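These notes are about the structure you will find just below.
Keep in mind that this is a model prediction, so the values were computed, not measured. Nothing fancy with the numbering, it's 1 onward along the sequence.
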Amino acid sequence: RSSDLFGDEIAFALRLARRKRWQMIEERRVQQEIDLHSYLLKLIQDDRDRQLKEADSDQDLALKSKLEETCAKRLTELNNLFAQVDERRKRRDVPDYLCGKISFELLRDPCITPSGITYERKDIEEHLQRVGHFDPITRTKLLKDMLVPNLAMKEVVDHFIKENGWVDDY
């Protein structure tokens, strides 16, 4: 019994480490996006300043106005692009309903029990083998041959993966 508890602690520690790793990678990626945005803003502004300096001081004010307008348009486009990236980043999270009840990871091979609870197949089979022949949530009797593939959930998960390519790194 204590070895089962120790195994659960190890699994929990692994899940926690994996989640922390993902968060560190995500924070690094966000910082890189911020740095890139700042760098590109500076390039656009430096280009505008260079063009204005090159323009003869006696030149037409319309040309200088056009340069300012072009720069403002570029800055707006860049800010809009990064706003879209930021919006997508906010959604870079796996919804709980797509995660297993044991491992809390994305369901890759979901199966459903007679009581209607969906688990990741490898996790529930491991539970049945290591801990006992019962559903970990309802505590009702459960055997491996009672597990049925949850094809509807598999379809939902596959669609989520297709729409969110980053999920493979999660």
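Here the straight-line distance linking atom SG of Cys111 with atom CD1 of Ile117 works out to 11.5 Å at 0.5 Å rounding. Distance CG/Leu43 to CZ/Arg74: 11.0 Å, rounded to 0.5 Å. Here the CG-CG distance, from Leu75 to Asn80, works out to 11.0 Å after rounding to the nearest 0.5 Å. Rounded to the nearest 0.5 Å, atoms CG (Leu107) and OH (Tyr97) are 11.5 Å apart. The distance from atom CG of Asp96 to atom NZ of Lys101, rounded to the nearest 0.5 Å, is 8.5 Å. Taken to the nearest 0.5 Å, the CG atom of Asp35 stands 7.5 Å off from the CD atom of Gln32.
The number of heavy-atom neighbours closer than 6.0 Å to CD of Glu155, taken from other residues, nucleotides and ligands shown, is 12 or below. Around the CD atom of Gln31, the shell of radius 6.0 Å holds more than 12 heavy atoms that belong to other residues, nucleotides or ligands.
Within the 6.0 Å centre-distance limit, the rings of His127 and Phe134 are counted as a close aromatic pair.
No salt bridge links Lys53 with Asp49; every basic N to acidic carboxylate O contact stays at or beyond 4.0 Å. A salt bridge is absent between Lys73 and Glu69; no separation between the charged side-chain nitrogens and carboxylate oxygens falls under 4.0 Å. One finds no salt bridge joining Lys122 and Glu126 here, because no Lys/Arg side-chain nitrogen approaches an Asp/Glu carboxylate oxygen to under 4.0 Å.
Under the side chain to side chain donor-acceptor pair (under 3.5 Å) rule, Glu26 has a single partner from Arg28, Gln23, Arg29, which is Arg29.
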**side chain to side chain contact (heavy atoms under 4.5 Å, CB included) between Asn79 and Leu41, intermediate numbers included** = CA-CA 9 Å; Asn79 288 330; Leu41 286 172; 3.7 Å; yes
**Message:** Applying side chain to side chain contact (heavy atoms under 4.5 Å, CB included) to Thr113 and Thr118, what does each step give before you reach the verdict?
**Reply:** CA-CA 6 Å; Thr113 64; Thr118 298; over 6 Å; no
**Request:** Give the intermediate values and the outcome of side chain to side chain contact (heavy atoms under 4.5 Å, CB included) for residues Ile161 and Leu106.
**Result:** CA-CA 10 Å; Ile161 292 170; Leu106 184 67; 3.8 Å; yes
**Request:** Would you sort out whether Leu142 and His133 count as a side chain to side chain contact (heavy atoms under 4.5 Å, CB included), showing the intermediate values?
**Result:** CA-CA 5 Å; Leu142 182 62; His133 295 288; 6.0 Å; no
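No continuous path of ILVMFWY side-chain contacts below 4.5 Å connects Ile124 to Met153, so the two sit in separate hydrophobic clusters. Leu147 and Ile137 end up in the same hydrophobic cluster when Ile, Leu, Val, Met, Phe, Trp and Tyr side chains are linked at under 4.5 Å. A continuous path of hydrophobic side-chain contacts links Leu143 to Ile102 [ILVMFWY only; heavy atoms under 4.5 Å].
Between the side chains of Asp47 and Gln51, at least one donor N or O sits under 3.5 Å from an acceptor N or O. Between Asp135 and Tyr119, the side chains place a donor N or O and an acceptor N or O closer than 3.5 Å (distance only, hydrogens not considered).
A pairwise comparison of heavy atoms in Thr138 and Ser115 identifies CG2-OG, 3.8 Å as the closest pair. The two residues Arg121 and Pro149 make their nearest non-hydrogen contact at NH2-N, 3.6 Å. The two residues Phe160 and Leu98 have their closest heavy-atom pair at CG-CD1, 3.5 Å. A pairwise comparison of heavy atoms in Arg48 and Leu67 identifies CG-O, 4.4 Å as the closest pair. Counting all heavy atoms, side chain and backbone alike, Lys144 lies closest to Glu125 at CE-OE2, 3.3 Å.
Inter-residue side-chain proximity for Lys154 and Asp109 is flagged as unmet; no heavy-atom pair is nearer than 4.5 Å. In this structure, Ile34 and Phe82 have side chains that are not in contact, with every pair of non-hydrogen atoms separated by 4.5 Å or more. When side chains are defined from C-beta on, Thr140 does not count as touching Pro114, because their heavy atoms never get closer than 4.5 Å.
When hydrophobic side chains of Ile, Leu, Val, Met, Phe, Trp and Tyr are connected at separations under 4.5 Å, Val148 ends up clustered with Ile112.
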